[in-house]
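Counting starts at 1 for both ligands and their atoms, following the listed order. All values below come from the heavy atoms of this structure, side chains included, with hydrogens, waters and symmetry mates left out.
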Amino acid sequence: MTAINGTSQEPILHVHDLAFSYPDGRQALAGVTMHVDAGEKVALVGPNGAGKSTLMLHFNGILKGGSGRIRVAGMDVVKENLGVIRARVGLVFQNPDDQLFSTTVFDDVAFGPLHMGYAAAEVRRRVQAALELVGIADFAPRMPHHLSVGERKRVALATVLAMDPSILVLDEPTAGLDPRGRRSLIHLLRGLEATMLVSTHDMALVAELFPRTIVLDRGRVVADGPTAGIMADPAFLEAHGLEAP
Ligand SMILES: Nc1ncnc2c1ncn2[C@@H]1O[C@H](COP(=O)(O)OP(=O)(O)OP(=O)(O)O)[C@@H](O)[C@H]1O
Ligand SMILES: [Mg+2]
């Protein structure tokens, strides 16, 4: 992983004045500027439709064509760099059905490590380790589409953990998890050294795990700073459809 305290020359995630409209004309991002330094764990919050998922999908080039600039680990997010960037950024979609496409959990989780060129034994080791991390060690032979939502959510996270990425971009990772699953996810995320940007409506999770919070509303950053300060301002939270835990 990139050294944590300040030795890298620029933020590991860097977005400058990003504006993006969907093909139907709806503007989802209206000039977003934000950055995340190597080793930081940052929460991304905001009401439904704020643009959180849209922003996240830009970090590995799934969405493109807007104006502004996005850099990841010192590279512009452009076609030539996408292979390297996708190996560095583990992006977990809000909807696990967008992530899972194989007939077994094993194949879904093995896809990334295989693509990275690991030998079969190492792929198997990574798949098993990732499934254990998300608490579904015995799920390898199962069919992703015959799993519950929370189980699929865990598989989706495992597909990314199996690649051991230095940057994790997680879109609502606790949505659909039961309390025990949520608790073990918090424990897992706390223990990972990866840089993290995590979108969530789970404000208790934000307070517990993320020293810094970025608030997005209507495609704009409306706050970016220490979580404690943001949580201590009920009027601000209410104005942006949020509340303290
Ligand atoms: N494929 C799409 N085509 C057109 N508009 C879209 C599309 N996906 C999202 N949008 C719109 O873009 C805006 C931002 O959506 P986005 O999914 O990024 O919000 P979000 O902050 O992730 O919300 P949520 O908390 O509900 O996940 C919304 O107005 C949404 O309706
Ligand atoms: Mg979303």
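- Taking CG of L216 as the start and CG of L44 as the end, the distance is 5.5 Å to the nearest 0.5 Å.
- Annotation: protein N, O or S atoms under 2.8 Å of the Mg ion (ligand 2) (waters excluded) comprise S53 OG, Q94 OE1.
- Taking CZ from R154 and CG from L131, the interatomic distance works out to 11.5 Å, rounded to the nearest 0.5 Å.
- Atom OG1 of T54 and atom CZ of F20 lie 6.5 Å apart (nearest 0.5 Å).
- Atom CD of residue Q128 and atom CZ of residue F139 lie 12.0 Å apart, to the nearest 0.5 angstrom.
- Of the charged side-chain nitrogens involved, none lies within less than 4.0 Å of a carboxylate oxygen, so that E172 and K153 do not count as a salt-bridged pair.
- Between the side chains of T159 and D108, no donor N or O sits under 3.5 Å from an acceptor N or O.
- Using a heavy-atom distance under 4.0 Å as the criterion, the protein contacts of ligand 1 are Y22, D24, R26, A28, P47, N48, G49, A50, G51, K52, S53, T54, Q94, E172, H201.
- A cation-pi arrangement, defined by a distance under 6.0 Å to the six-membered ring centre and an angle within 45 degrees of its axis, is absent between R26 and Y22.
- If you take NZ on K52 and CG on L197, they are separated by 11.5 Å, rounding to the nearest 0.5 Å.
- Residues V109 and V155 share a closest heavy-atom pair of CG2-CG1, 4.1 Å.
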